[in-house]
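One structure is given below, encoded as structure tokens.
Values below: all heavy atoms of this structure, side chains included; hydrogens, waters and symmetry mates excluded.
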Amino acid sequence: MASFETHYTLPLPVFDKPVKLLIVVAPYYRAIADQLITGASDTAKACGATFEVIEVPGALEVPTAIAMAERQSDFDGYVALGCIIRGETTHYDTVCNDSSRALSLLGLQGACIGNGILTVENMEQAQVRADPDDQNKGGGAAAAALHLIALSRRWSSARKGIGFRPPEDSFRA
């Protein structure tokens, strides 16, 4: 059973420049959303990051809001939060798959995103995963975004100029 497994968690990254996160949450299940936000904001604060929280109607709108912010704002990374509980129809599958796929595509385009949208069978599973004192999936999503920001900064600072460099003595007088 998963609750008895131990998992390794990377230590939070350390930043020398400020980090600004956007936490995008679909509060359909308000109590779950609030716990996810608490976990994410506590993790952001532990890294010294600033953050803004915005709400969208549902999990399908989370990637759209992140894409808009990525194009039009100055956030370093994003935390996607929400909860999808299986119901009686296939709508669950559509929402789970499409929100996850859209977040993945944004990530592949370079956005630093931690996905904390829970996909569960029932409210009990959601509560365990959202609880900051239990599985803390909100905090885990924030940590994922922060790690990706650290990698992005590491690799962007390592870039060198493009094109040709003149021979060293070509500019000697």
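- With contacts defined as side-chain heavy-atom distances shorter than 4.5 Å, the pair Asp76/Leu21 does not qualify.
- Between Ser41 and Phe51 the shortest heavy-atom distance is CB-CZ, 3.2 Å.
- Across Leu36 and Gly82, no two heavy atoms sit closer than the pair CD1-O, 3.5 Å.
- Among all heavy-atom pairs drawn from Leu81 and Ile117, the shortest one is C-CG1, 4.0 Å.
- Closest heavy-atom contact between Lys20 and Asp74: NZ-OD1, 2.8 Å.
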Quiz item: Under the side-chain contact (heavy atoms from CB on, under 4.5 Å) criterion, do Ile113 and Ile66 qualify, and how do the steps go?
Solution: CA-CA 9 Å; Ile113 304 171; Ile66 290 173; 3.9 Å; yes

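- Remark: Asp16 does not engage Arg153 in a salt bridge, criterion side-chain N to carboxylate O under 4.0 Å.
- In terms of heavy-atom proximity, Gly114 sits nearest to Ala144 at CA-CB, 4.0 Å.
- Taking CD of Gln135 as the start and CD of Gln35 as the end, the distance is 12.0 Å to the nearest 0.5 Å.
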Exercise. Take Asp98 and Arg101 through the side-chain contact (heavy atoms from CB on, under 4.5 Å) test and state the conclusion after the steps.
Key: CA-CA 5 Å; Asp98 290 358; Arg101 183 177 299 110; 3.1 Å; yes

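- A distance of 8.0 Å separates CD1 in Ile54 from CE in Met68, rounded to the nearest 0.5 Å.
- Salt-bridge check for Arg86 with Asp93: passed, with a basic side-chain N closer than 4.0 Å to an acidic carboxylate O.
- Cluster annotation: Tyr78 and Leu151 are assigned to distinct hydrophobic clusters (Ile/Leu/Val/Met/Phe/Trp/Tyr, side-chain heavy-atom contacts under 4.5 Å, transitive).
- With rounding to the nearest 0.5 angstrom, the CD1 atom of Ile85 is 10.0 Å from the CD atom of Glu121.
- A donor-acceptor pair under 3.5 Å is absent between the side-chain atoms of Ser152 and the main chain of Leu148, judged by distance alone.
- Note on Ile149: it clusters hydrophobically with Val79, by side-chain heavy-atom contacts below 4.5 Å among ILVMFWY residues.
- Heavy-atom minimum distance, Ala67 versus Leu106: CB-CD2, 3.7 Å.
- The same ILVMFWY cluster, assembled from side-chain heavy atoms under 4.5 Å apart, contains both Val95 and Val24.
- With Cys96 as the partner, the side chain to side chain contact (heavy atoms under 4.5 Å, CB included) test is satisfied by one option alone out of Ile84, Leu118, Val120: Ile84.
- Hydrophobic clustering (side-chain heavy atoms under 4.5 Å, transitive across Ile, Leu, Val, Met, Phe, Trp, Tyr) keeps Leu146 apart from Phe75.
- If you take CG on Leu103 and CG on Leu108, they are separated by 11.0 Å, rounding to the nearest 0.5 Å.
- Transitive grouping of hydrophobic side chains (ILVMFWY, heavy atoms separated by less than 4.5 Å) keeps Leu60 and Tyr28 in distinct clusters.
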Practice problem: Take Tyr92 and Thr119 through the side-chain contact (heavy atoms from CB on, under 4.5 Å) test and state the conclusion after the steps. | Solution: CA-CA 9 Å; Tyr92 169 86; Thr119 55; 3.7 Å; yes

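- With respect to Glu124 and Arg129, no salt bridge is recorded, no charged nitrogen being found less than 4.0 Å from a carboxylate O.
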Exercise. Under the side-chain contact (heavy atoms from CB on, under 4.5 Å) rule, what do Glu52 and Ile23 come out as? Steps first, then yes or no, please.
Key: CA-CA 6 Å; Glu52 182 179 332; Ile23 299 172; over 6 Å; no

